[in-house]
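Order of appearance sets the numbers: ligands from 1, and atoms from 1 within every ligand.
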Amino acid sequence: MVDFSMVFPAGFLWGTATAAHQVEGGSPPNNWTRWEEAGRVFRQQRAGLACDWWGGRYAEDFERAAELHNNAHRFSVEWSRVEPEPGRYDDAALQHYADMVSALHARGLAPLITLHHFSNPLWIEDQGGWTNPATIGHFERFVQRVVEALGGGVSTWCTINEPMVYATQGYLFGYFPPGARSFGQTIRVAENLLRAHAAAYHAIKALQPDAQVGLAKHQIALKPGFPALVHRRALNIVDNFFNRAFVHALTTGTLRFPSRTVSVPEARDTLDWIGLNYYYRFRVTFNLLAPRQLFLRQARPRDGIPGPGDTGEIWPEGLFGEIKRLFEMTGKPLYITENGVPDIDDSIRPLALIRSLRSVWQAINHNYPVRGYFFWSLVDNFEWAEGYDPRFRFGLYGCDAETQQRVKRRSADLYGEIGAANALTAEMVRRYVPGQAEALFPGVKVKSSVELPQP
Ligand code: GCO
């Protein structure tokens with residue numbers, strides 16, 4: 001095996017990512033508390049105390065992040081806390097978020113703040129949520145209030161987390177609140193989220209001209225389930241709809257879906273950076289028996305590590321291709337704003353992390369400007385419709401929502417060593433994934449007697 005050190009650029013951000021409803025606990029009424037009360041989460045679970053960050057435990061977890069030699073953290077602001085009623089802003093909630101930002105700075109962690117991560121106040125939900133264009137203006141005013149309150153300590157903002165996941169899970173597949181199953185509503189929600197991103201971008205820039213504003217885009221790697229043309233055509237439909245259309249609109253101002261093209265000129269060139277959330281690869285087949293899934297079915301994984309439930313396969317090498325595509329589509333710097341694996345016993349996470357970072361390092365060495373990596377996640381947390389399903393534990397630290405006990409996983413040590421060295425070394429690979437090193441980094445098979453041409 002070739003000895004190596006994959007050194008990352010000076011100033012590279014090493015962090016973790018979280019989201020308000022998943023870690024804070026004691027959530028005020030929002031679209032997710034309503035969904036939980038309706039019994040729509042795994043085993044009718046509720047987020048409950050989660051990781052008790054609203055109770056102050058964010059400080060101990062930020063301490064853990066600092067011990068892992070992280071220099072950044074991404075968290076989201078909960079709209080239902082900041083604006084529980086239209087136009088009434090809760091200064092105590094804003095102060096709590098300002099305290100969180102200060103706690104990050106005090107530990108040498110740069111904040112990257114997400115302004116919308118799947119949750120809405122009930123008063124927004126009750127007026128049609130993101131199907132209602134009026135939500136765009138409400139979101140813009142909420143963003144202005146947050147930036148005024150936190151802008152002194154934050155310069156990197158993520159407007160919206162995973163707009164196409166939010167639109168499809170909530171309005172096409174009915175897996176997230178409000179549980180609709182309408183292609184037309186899905187398209188409308190995506191369009192309104194695009195307009196909201198643009199409004200937020202311009203509002204932030206007006207308040208903080210030097211702010212760096214982006215969006216976290218979930219990308220899925222795809223491969224045809226079978227070689228026949230019909231399956232490749234099916235893949236292309238999924239790829240454009242889920243992966244490419246929204247990103248294309250962020251640079252061109254035109255949102256092109258199969259059934260509708262809409263011009264959103266205010267969205268044109270509204271990225272200072274693009275965030276990549278990457279987890280799984282899906283095999284796509286065309287299936288006449290699946291009209292409700294637009295005749296598209298996911299075939300069982302073959303060569304990746306099967307993910308839990310009906311997720312795709314864990315294929316860390318997909319990061320390179322998605323980094324490449326996002327840069328080619330946007331021309332902007334990137335952050336890996338989420339990447340991780342569900343793995344309660346930490347049996348595959350060290351290998352997946354090493355393979356993911358190898359892929360990111362390869363992209364950087366092809367001159368794709370990746371500026372940082374935010375691992376999902378620092379602590380186990382409430383995994384949306386999967387709740388606290390033991391198959392969906394993503395933390396570097398285990399966290400028991402009942403006892404609030406944290407248990408460090410070995411991957412945390414690995415991630416800490418990488419952050420301290422700003423590099424992934426052969427020595428780390430040998431220690432954390434013994435027996436995998438040769439397959440991961442095959443040595444150069446040089447013949448002992450290399451015949452060199454005589455002068
Ligand atoms: C997402 C969300 C996160 C998830 C994480 C693990 O991508 O769905 O941004 O909130 O919890 O990705 O699935």
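- Contact of the H21 side chain with the E78 side chain is registered, since non-hydrogen atoms from C-beta on lie closer than 4.5 Å.
- Separating the CG atom in L215 from the CG atom in L276 is a distance of 11.5 Å, to the nearest 0.5 Å.
- E402 meets the salt bridge (charged side-chain N to carboxylate O under 4.0 Å, His left out) test with no other residue; sequence neighbours excluded.
- Side-chain contact check for F382 versus F392: every heavy-atom pair is 4.5 Å or farther apart.
- Every residue two or more places apart in sequence or in another chain was checked for a side chain to side chain donor-acceptor pair (under 3.5 Å) with N31, and none qualifies.
- The protein residues lying under 4.0 angstrom from ligand 1, judged by non-hydrogen atoms, are Q22, H117, F118, N161, E162, H218, N277, Y279, E338, W376, E383, W384, F394.
- Shown here are the salt bridge (charged side-chain N to carboxylate O under 4.0 Å, His left out) partners of R260, two or more places apart in sequence or in another chain: E191.
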